[in-house]
Amino acid sequence: MSDDAAKNERWTGTLSWLLVPPFLFVLYVLSIGPVGFIAEKAGVDHRTLRAFYTPVVWLHHETPLQKPLEKWGELWGWN
C-alpha cells in the first residue's frame with residue numbers, strides 16, 4: 001500500500017469516528033418522537049420520560065429548536 005493510500009485510509013477512519021458522536025446525538029434528539037408515542041400508548045410515567053430527555057427539553061426551551069421539536073412531536077401525535 002502506498003503512503004498516499006495509507007494516509008487517505010487513516011483520514012477516512014478518523015473522520016468517520018469524528019462523525020459518530022454528532023450522529024448519535026441527533027438520533028437521541030429525534031428519538032423523543034417515537035419514544036414519546038410509545039410511552040403514551042403504554043402509559044409510562046411522564047416524569048421518567050422527562051428525566052431521560054432533560055437535554056432535549058432544554059433544547060426546546062432555550063434554543064431556536066422549539067418550533068421544529070414541537071412539529072416533530074405533532075408528527076408523532078403526542079404534542
Side-chain angles (χ1 to χ4, degrees):
M1 185 181 295
S2 71
D3 286 340
D4 287 337
K7 286 179 185 177
N8 284 340
E9 187 175 318
R10 207 175 3 205
W11 172 249
T12 304
T14 301
L15 182 61
S16 64
W17 280 108
L18 290 174
L19 295 175
V20 168
F23 177 73
L24 290 177
F25 182 72
V26 169
L27 281 180
Y28 164 70
V29 171
L30 292 178
S31 73
I32 196 169
V35 169
F37 175 78
I38 293 167
E40 189 172 302
K41 297 295 181 196
V44 174
D45 184 18
H46 287 277
R47 290 176 294 178
T48 304
L49 197 61
R50 189 175 177 94
F52 183 73
Y53 284 106
T54 298
V56 180
V57 172
W58 181 87
L59 284 173
H60 177 266
H61 293 309
E62 303 294 332
T63 70
L65 292 176
Q66 179 178 3
K67 292 288 184 197
L69 286 171
E70 288 175 1
K71 292 291 183 188
W72 184 243
E74 288 173 9
L75 184 69
W76 284 95
W78 55 263
N79 197 5

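Given the structure is predicted, the values throughout are model-derived calculations rather than measurements.
Residues satisfying the ring pair (Phe, Tyr, Trp, His ring centres under 6.0 Å) criterion with Phe25, sequence neighbours excluded, are absent altogether. With sequence neighbours left out, Pro34 forms a side-chain contact (heavy atoms from CB on, under 4.5 Å) with Trp72, Trp76. With sequence neighbours left out, the side-chain contact (heavy atoms from CB on, under 4.5 Å) criterion links Leu49 to Val35, Ala39, Tyr53. Looking at residues two or more places apart in sequence or on another chain, you find a side-chain contact (heavy atoms from CB on, under 4.5 Å) between Thr48 and Asp45. Partners of His61 by side-chain contact (heavy atoms from CB on, under 4.5 Å), not counting sequence neighbours, listed by chain and number: Arg50, Val57.
Sorted by first and then second residue, the side-chain hydrogen bond (donor to acceptor under 3.5 Å, both in side chains) pairs involving residues 20-29 (not counting sequence neighbours) form an empty list. Listed by first then second residue, pairs satisfying salt bridge (Lys or Arg N to Asp or Glu O under 4.0 Å) with a partner in residues 17-34 number zero, not counting sequence neighbours.
In terms of heavy atoms, Val29 sits closest to Leu59 at CG2-CD1, 4.0 Å. Closest non-hydrogen pair, His60 versus Gln66, comes out as O-CB, 3.2 Å.
Linking Ile, Leu, Val, Met, Phe, Trp and Tyr whenever their side-chain heavy atoms come within less than 4.5 Å leaves Val44 and Phe52 in two separate clusters.
None of Val20, Leu27, Val26 except one satisfies the side-chain contact (heavy atoms from CB on, under 4.5 Å) rule with Phe23; the exception is Leu27.
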